[in-house]
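This report refers to the structure that appears directly beneath it.
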Amino acid sequence: MSSHDDHDAFEGASLSARAMAARPMPYLDELNPAQREAVEALDGPVLMLAGAGTGKTKALTARIVHLLSTARAAPNEILAVTFTNKAAKEMKARVGRMLGEHVEGMPWLGTFHAICVKLLRRHAELVGLKSSFTILDTDDQIRLMKQLIRANNIDEKRWPARQLAGIIDNWKNRAWTPQNVPSAESAAFNNRGTELYDQYQRRLLELNAVDFGDLLLHVVTIFQKHEDVLAQYQRWFRYILVDEYQDTNVAQYLWLRLLAGGHRNICCVGDDDQSIYGWRGAEVGNILRFEKDFPGAKVVRLEQNYRSTEHILAAAGGVIRGNEGRLGKELWTEAGEGWKVRLIGHWDGEEEARWIGEKIEDHQSGRSEEAKNRYNPRLNSFQQELDRRAKSGLGPVDEHQYVRDAFESGSVYSDMKTFNLVKQLLDRDKYSARYGNMLGALGDYVVHRFSLDEIAILVRASHQMRAFEDRFLTIGLPYRVIGGPRFYERLEIRDAMAYFRLVVSPADDLAFERIVNTPKRGLGDKAQQKIQVCARDNGVPLVEGARILLAEGGIGGKGAGELRALIDNLDRWGRMTGHADLSHVELAEQVLDESGYTAMWQNDKTPEAPGRLENLKELVKALENFDNLQGFLEHVSLIMDNASEDQGAKVSIMTLHAAKGLEFPAVFLPGWEDGLFPSQRSMDESGPKGLEEERRLAYVGITRAEEVCTISFAGNRRVFGQWQSQIPSRFIDELPGEHVEVLTPPGLYGGGFGAAAPGYDGIQSTVDKRASEANVYNSPGWKRMQARAGQRPMSQPRETRSQVIDLEAVSRYTIGDRVFHQKFGYGAITGIEGDKLDIDFEKAGTKKVVAKFVMAGDDVPF
DNA sequence: TACTTAGAGATGCAG
DNA sequence: TCTCTAAGTA
C-alpha cells in the first residue's frame, strides 16, 4: 500500500489549519509563566521538567492546541506519545475541551505501542510479517517459550520459561535483535539465551505474530534499514511530543531520535525524580542526557505545585534530596503550610491496618474518637469553668457561649475555622496557659472530613493489600483495589478471545492449543500431542492437522466425537462471519454458547464463576463498539480498558506504581520498613541504583497527597507466612524533622517508639519536642529504639467498633442459613453478634463478616 | 483422562 | 500464606 496516500486521507486532515489560525488563544492566559514558556517554544528541542503536580498535562495539551492554533501543524502532523492508554485518552479529551469542539483528527496521539502497531501494519512486509499479524500477550509468549525450552531438552525446572521471557523482554527493551545481543550476555539462560531468542523470533514469524516488545523493535529496525521510510515519517510528523520521558527505554529512545532526526521539533516532558520503571527497562539516563542528545535544547522547569501543601512538599523534597545526579527542581506552592506529614509505628501489619481503618472512619465523621476520649475530662472541667464565669458575670458571655457550643456540637473537632477561633478566644483569656496548650494538642487531632473517594492507601507491594482488605471487610468499609489483573488478562476473557481468534483465523495455533480441551473434551496430553505431530508432518496448522488425524482415524473414543464437533463448529462459525443477518455480537454469543464455554462456567460452583460469567457478558458488550470481530481483536490487546468502574464512594488501595499521576486529599503510606520499602530485591538486584529508584518511589508516594499524608511502619510483619521483625525504613530517617509529626500508636502505654510518657500534656510536648528539637527520630538511636520497640510486649490491640450497626441486614439471617460472600464464597452461619455474622465458609474456613456483605444463598445468580 | 495432592516459589506492571 | 505446577492415583 502506498503510505503517502494514507497520509493524505487521514481522518481529521479536513480540520484546516487556516481555520484554526483565526482562533483566539485563551488557553495561554491560564498558564503560569513557566508553563507558558514551555508552550510557546514550539520549534527545536524542548525539555519540560515538570515536577509532581505542576500542571504537566495542562501544559502539554496547551502546546498541542497552540501548534494547531498557530497553524504550525495540522492535527495529523503531530505525533504525541504517552505510556498508558489512560494518559492518551485524557490528553485527547483535554485537547478536545480546549478547542471547544470535537476534534476528529490527532490520529497520532497514542501510546508508543498503539502507534507502533499502526506503523507496523503499514510496513509489516519489511520485517517479514503480514500486515494481519497477531499481537501475543505475556501468556502466549510464555507458552511459546515453554515449547522451545522443551524442544531444546532444557530442564524446565532449573530454567523456567518465565525467566527466559524476562531476559528476552529486557533485550528487546534495549533494542537488541538476536543478531546484536552483545557477547557479554552470552551466559544468559545457561549459555543458550541468544540461541533461544533467535528461535523464538523465528517461531513468531512463522506464526505471523509479534509480542509487545517487537512492536517497537520491528519499527526501529524498519527505520534503521529503510531510510526512505524513515524520511517519509520525519517529514510527516512535524512536531513530536513525549509524555513521561523519564520512563522511556532504549528502544523507545531510539525510535524517538530517529523520528526527530530531521527537524528536531521534539518536546519531551518528564520528571527525573519520578522515574520508577527501571526494572522494566526505563532509562533515567535518557532524560538526564537530553541536552547532550539535542544540543541547544531549551529546558523549562515547572516548579509551582498546585497539589500539595508546604509540609508535604518539603517532606518529599527532603527524601528525594538523598539521590545523586538529579537535574534538580525545587517545588513550591501557594497552598500554605498545611498539616505536617504524620508518622506512626505499629506493633504489626494487622494493627497498622486496624489503625488506618480507624483513621479513615475519623475522616468520615470529621473528628477523632481517640482525641475526644483523651480530652473529654479536661474539656468538662473547662466547661465547668466557663459556666462559673458566666454565672458570676465575668467576661464576654457570648464568646464563651460560642466556645461552649463549639465543643458541644463537636465542630471544634471537625472544623478548622471554628477551632482557630476558639483558640483565639482562649488565648486572649487568662486560661490560655492552662487550656490553650491542651487545645494545641487537640488541634493535631482535628480531622478533616474526606469522602472515601478522597482517601488512598498506597503500598509498595501488592501482598500488603490483603491486610487492608481483610480489615475493611470486617468493619464494613467500602474499598476498591486499583490495578489488579487487567480485564483482558483474565482467564475467561483470554479463553473467549482464543475462540474468536480461531473463528477469524483458523490457522491461529496458539489459540487452538488454548481451547481444544477447554471446556473438557476428553482431549488430554496424548491426543494433543498426536495433533501436533500430525500437523507438523503435514506442514499445516493445528486445525488442519486435527482434521487429517480424524480422517485417518488416528484418534478414538470420546475425544474423537468432541474434536469433530469442535472443528465442524469452527468451520461453521467461520462461514458465518460477515453474514448480513447475523451481527458479530450475536455470533460471539453463539460461539461461546455452542462451544460449551458458557455452560462450563455455569456448571462451575466455585465462588469466582458468577464473576467470570459477568466478565464474559461485558466482553460481548464491548464488541458492540467495533464493526466486526476482526477489528475488535486487533485492538483489544492494546486498548481494552479495565472492567467498568463501580460507583459509590470507596477508599482506593493500590501500589505506589499504580498511583503515579494520581492525587488524593488524604494518603496513607503503610509499610515503610527496610526490606519491604525500600524493597530488598530492588536493592539486591540493582544496588545503589535500585535504592535510588525506591527513593523516587517514596517521593512519588508522598507527592500524591494534597492535604494529609500519613506514613506508617510495623515492628513485625508476616512474610510468606513467617513472622519477621522489621526495622523502620531508612527513608523515615530522611524525612526532615520539622515537617513531620510523630504520633503515638494506640494501645501503647508506657510509651513506645521513643515517645515520652503519654498523657494530657504529653502529646503536645512530645510532638513539639520531636518536631523542633534536634532530630530525635533521625538518629541511629531512634532507629534502634524502633527495632527494640518492636519486640517489647505491648498491650493487646483493642477491638474497634464497626462503623454502623446495620440491624436490618442482620435480621434477615438465622443460624444455619446458607449464604454467599463475594470473596469467601459459600458458607453457613454459625453465630450472630451485633451486625456481624460468624460464617463457616466451605472454602475459606470460619470468618466473622459484616452482614451487609453477604447475600442469602438462594439469591445467588446461578 | 481427570482429579488429587505434594512441593516449590513468591516485586513492581503498561503495552 | 497462597498459588501454580507436576507427579501420582482412580
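Chain letters run A, B, ... following the sequence lines, proteins first and then strands; every chain starts at 1.
Atom CZ of A:F112 and atom P of B:dG15 are 13 Å apart (whole Å).
The side-chain ring of A:F212 is not stacked on the base of B:dA14, judged by centre separation under 5.5 angstrom and plane angle under 30 degrees.
Mapping A:R521 and A:L656 onto DNA chain B via the closest heavy atom, the residue that lands nearer the 5' end is A:R521.
When each of B:dG12, C:dT1, B:dC3 is scored by its nearest atom to the side-chain atoms of A:K520, the top-ranked nucleotide is B:dC3. Nearest nucleotide to the A:D169 side chain, out of B:dT1, B:dG12, B:dA14: B:dA14. Comparing atom distances between the A:W279 side chain and each of C:dC2, B:dT1, B:dG12 picks out B:dG12 as nearest.
Under a cut-off of 6.0 angstrom, the local environment of CD in A:E350 is sparse, with at most 12 non-hydrogen atoms contributed by other residues, nucleotides or ligands.
Annotation: cation-pi pair A:R280/A:Y277 present, NZ/CZ under 6.0 Å from the ring centroid and within 45° of its normal.
For B:dG12, the OP1/OP2 oxygens have no side-chain nitrogen or oxygen of A:S679 closer than 4.0 Å. Distances shown here put a side-chain N or O of A:N85 below 4.0 Å from the OP1 or OP2 atom of B:dG15. Between A:N517 and B:dT1 there is no side-chain N or O to OP1 or OP2 distance below 4.0 Å.
Between A:R717 and A:D348 there is no salt bridge, since no side-chain N of the basic residue sits under 4.0 Å from a carboxylate O of the acidic one.
Note that CG of A:N152 and CD of A:Q147 are 12.0 Å apart. Values are rounded to the nearest 0.5 Å.
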